[in-house]
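Everything on this sheet refers to the single structure shown next.
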Amino acid sequence: MSASHPTAPSLQDWMLRGEQHLDQQAFEDAAHAYHQALLLAPENRYARFWLGESLFHLGRYADTVAVLTDLDVGNDTALALECALTLGRALQRTGSAALAEVTLLQAFVAHPHSEAAAYNLAVFYEQENQPAQALQFLEPSVQRFPQSARLHYNLGANCAACGLTEAAVQAFEQTLRIDPVHLQAHQNLALIHLRQGQLQTGWMHYAWRFNRHQMEGAPAQWTPRTPQLPADLTGVTVALRGEQGLGDEMFFLRYLPQLKARRATVVYQPCNTKLLPLLALWQVQGLIDYVLAPDSQAEEGALALLIGDLPLALGALDYPPSLRLTANQAAVQSWRQRYPLLARERPRVGLTWRAGMAQPQADARGNRWLSKEVSLPALIALLEPLDVDVVILQRKPAPDELAWVQAQLGPKRCLDASGFDHDLTELLALLSTLDSLLGVSNTNVHLMAALGKGGDILVPSPAEFRWQDTGNPSPWFTGFQVGRQQQNGGWDGALDLLQTTLAKRYPARP
């Protein structure tokens with residue numbers, strides 16, 4: 001009697017397995033299943049397409065292009081559209097922008113009634129930093145697909161990128177009428193309203209920010225709940241939890257005096273342990289009662305609140321100043337003894353030229369991560385003729401950048417302090433020896449404001465809400481002069497004004 005052998009999986013078996021893995025977002029397993037199906041039936045267009053789709057989700061974009069290029073979809077128009085959209089997105093991610101544009105344009109023309117074709121083409125132009133081109137497709141597309149939340153959202157995002165703020169607000173509001181829990185629309189409306197000084201509406205939308213949703217482990221259909229704090233908090237412990245970046249924590253801590261004025265007991269749990277030395281100083285000032293370690297739990301019965309929700313919870317509609325700090329004088333003396341440049345009688349300017357990401361980008365959900373960068377040669381051209389010393393505060397500068405600055409200014413005129421940002425007590429002492437800052441906004445701005453100092457900040461377009469859309473200075477940072485990037489991305493106007501300002505403030509080199 002012969003032994004029985006297990007039957008090898010059939011084409012249908014592998015296709016079914018692939019479908020199940022895709023539903024579970026197990027893309028590696030899905031790719032394996034569809035690859036096995038394709039080995040059994042090399043001409044099967046569906047196995048080939050779904051293999052390409054699985055590879056795309058794995059981030060294997062070059063492999064996706066190889067699998068989907070020249071795929072014969074036959075008379076299946078739905079497959080033709082899906083293939084073109086996946087191939088176009090993969091081509092863009094491999095750097096073949098021209099081919100991606102042609103592929104997505106052809107899909108849009110061939111499928112004029114496809115919301116997905118319009119959306120993908122608009123996203124392509126948006127990610128290629130061509131928002132005006134995206135609007136050409138989005139404006140008629142939202143008329144054709146009036147119930148598409150993502151098209152209205154992208155219309156708003158691209159209007160904002162083109163400086164069409166009113167149209168952007170209308171598009172984001174329409175997005176929320178269709179999808180009231182659309183996080184990105186809420187976030188963008190928050191930033192616009194706060195930039196325009198419309199604090200009440202701005203803080204309401206700010207409650208929907210991405211990191212809050214993530215920190216609360218919230219489901220997709222989520223509505224934030226921010227408690228409204230009464231005027232008298234006697235006997236109430238408010239447990240504040242830090243969030244976002246170091247500068248964001250410092251920014252929102254400015255609301256502590258208003259909280260303490262309501263006689264609350266304030267417990268603070270920082271997001272970033274680098275903040276602990278400064279929290280100790282504010283604790284001495286009576287603004288914080290207890291500081292919790294980042295991994296500890298607040299006492300039972302405390303009213304838990306994220307620091308970014310504090311203005312909304314307080315109903316605050318004003319612009320409180322930064323909390324004040326005093327540098328440790330022993331640390332200041334140590335800096336001056338180690339680096340004579342910090343002790344001599346000459347003006348000193350702290351310099352940064354880059355923060356955030358190197359280029360404006362959007363992730364798969366459409367979240368935009370703001371980059372801040374100004375030409376280093378342009379900034380050095382402003383400083384070189386002035387009788388000032390320059391302290392380089394740039395985080396992680398490239399070695400060639402440091403060498404170039406020293407060559408342009410001379411080693412006796414500049415100090416590389418780019419690696420001294422780990423200890424905020426030391427950094428605060430260093431900043432106290434400066435006259436001002438010059439460059440982009442970062443944590444140094446918050447520390448200088450705490451010291452009662454200021455500087456000149458070059459703000460990208462669109463601006464972070466703290467720098468507002470217009471005006472100089474910002475009501476949040478009254479000691480800082482604001483230079484604004486032009487809508488076309490240029491800085492010429494801001495740099496020209498800055499050159500005049502610096503020439504009036506500092507003497508020329510002899």
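In this structure, the side chains of T478 and Y319 stay at 4.5 Å or more apart for every pair of heavy atoms.
Tested against R150, the residues Q184, E115, H182 include a single side chain to side chain donor-acceptor pair (under 3.5 Å) partner, E115. The one candidate from L138, V123, L164 that meets the side chain to side chain contact (heavy atoms under 4.5 Å, CB included) condition with N158 is L138.
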Take V391 and L351 through the side-chain contact (heavy atoms from CB on, under 4.5 Å) test and state the conclusion after the steps. CA-CA 6 Å; V391 177; L351 177 66; over 6 Å; no

Let me see the working for Q258 and D318 under side-chain hydrogen bond (donor to acceptor under 3.5 Å, both in side chains), right down to the final yes or no. CA-CA 11 Å; Q258 295 187 32; D318 57 350; 3.2 Å; yes

Q269 vs Y290, side-chain hydrogen bond (donor to acceptor under 3.5 Å, both in side chains): CA-CA, chis, key distance, verdict: CA-CA 9 Å; Q269 184 177 35; Y290 305 102; over 6 Å; no

side-chain contact (heavy atoms from CB on, under 4.5 Å) between I457 and V440, worked out: CA-CA 5 Å; I457 300 300; V440 298; 5.8 Å; no

Between I192 and Q196, is a side-chain contact (heavy atoms from CB on, under 4.5 Å) present by the stated rule, with each step listed? CA-CA 6 Å; I192 290 175; Q196 295 180 336; 4.0 Å; yes

What verdict does the side-chain hydrogen bond (donor to acceptor under 3.5 Å, both in side chains) test give for D456 and Q481, after you've listed the backbone C-alpha separation in whole Å, the side-chain angles of each residue and the deciding distance to 0.1 Å? CA-CA 5 Å; D456 300 277; Q481 298 299 304; over 6 Å; no

Walk me through it: do L278 and L323 pass the test side-chain contact (heavy atoms from CB on, under 4.5 Å)? CA-CA 10 Å; L278 305 189; L323 297 184; over 6 Å; no

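Checking side-chain atoms of S296 against main-chain N and O of A293 turns up a donor-acceptor pair under 3.5 Å. At distances below 3.5 Å, at least one donor-acceptor pair connects side-chain atoms of R484 with backbone N or O atoms of G471. A donor-acceptor pair under 3.5 Å links the side-chain atoms of R254 to the main chain of W476, judged by distance alone. Side chain of E249 to backbone of C271: a donor-acceptor contact under 3.5 angstrom is found. No donor-acceptor distance shorter than 3.5 angstrom exists from the side chain of E373 to the backbone of A355, with no hydrogens or angles considered. Looking only at distances, no side-chain donor or acceptor of D29 sits under 3.5 Å from a matching main-chain atom of A26. At least one donor-acceptor pair under 3.5 Å links the side chain of Q485 to the backbone N or O of G489. Under a 3.5 Å cut-off, the side chain of T501 and the backbone N or O of L497 do form a donor-acceptor pair. Judged by distance alone, with hydrogens and angles left aside, the side-chain atoms of R93 form no donor-acceptor pair with the main-chain N or O of Y61 at under 3.5 Å. A donor-acceptor pair is defined here as one N or O able to donate and one able to accept, closer than 3.5 Å; such a pair exists between the side chain of H186 and the backbone of P180.
In this structure, H213 has its ring center closer than 6.0 angstrom to the ring center of W222.
Side-chain contact of S436 with Y506: a donor-acceptor pair under 3.5 Å is present, judged by distance alone. For the residue pair D309 / Y206, no side-chain donor-acceptor distance below 3.5 Å is found, with atom types taken as modelled. Judged by distance alone, the side chains of R212 and T226 do bring a donor and an acceptor atom under 3.5 Å apart.
Both tests do not hold together for R466 against F477: distance to the six-membered ring centre under 6.0 Å, angle to the ring axis within 45°. At least one test fails for R89 against the ring of F124: distance under 6.0 Å to the centre or angle within 45° of the axis.
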May I have the list of side-chain donor-acceptor pairs in residues 423-430 shorter than 3.5 Å, sequence neighbours left out?
residue, atom, partner, partner atom, Å
D423, OD1, T425, N, 2.9
D423, OD1, E426, N, 3.3
E426, OE1, W335, NE1, 3.4
E426, OE1, R338, NH2, 3.4

Donor-acceptor contacts, no H, no angles, side chain residues 392-400, under 3.5 Å, sequence neighbours left out:
residue, atom, partner, partner atom, Å
Q394, OE1, W353, N, 2.8
Q394, OE1, R354, N, 2.9
Q394, NE2, R354, O, 2.9

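Using the six-membered ring where Trp is involved, H57 and F27 have ring planes that are parallel, under 30° apart on the 30 and 60° scheme. Relative ring orientation between F465 and F252 is described as tilted, the plane-to-plane angle lying within the 30° to 60° band.
Between D289 and K260 a salt bridge is recorded (basic side-chain N to carboxylate O distance below 4.0 Å). Using a cut-off of 4.0 Å between Lys/Arg side-chain N and Asp/Glu carboxylate O, R262 and D232 are scored as not salt-bridged. Salt bridge absent: D389 and R348 never bring a charged side-chain N and a carboxylate O closer than 4.0 Å. With salt bridges taken as basic N to acidic carboxylate O contacts below 4.0 Å, one links R195 and D469. At a threshold of 4.0 Å, the pair K453-D435 does not count as salt-bridged, since none of the basic side-chain nitrogens sits closer than that to a carboxylate oxygen.
Distance CZ/R413 to CG/L341: 10.0 Å, rounded to 0.5 Å. The structure places CG of L281 at 8.0 Å from OG1 of T326, a figure rounded to the nearest 0.5 Å.
Of all heavy-atom pairs between A316 and Y255, the closest is CB-CE2, 3.6 Å. Across L312 and Q228, no two heavy atoms sit closer than the pair O-OE1, 3.4 Å.
By the side chain to side chain donor-acceptor pair (under 3.5 Å) test, W467 is found to be paired with S441, residues two or more places apart in sequence or in another chain being considered.
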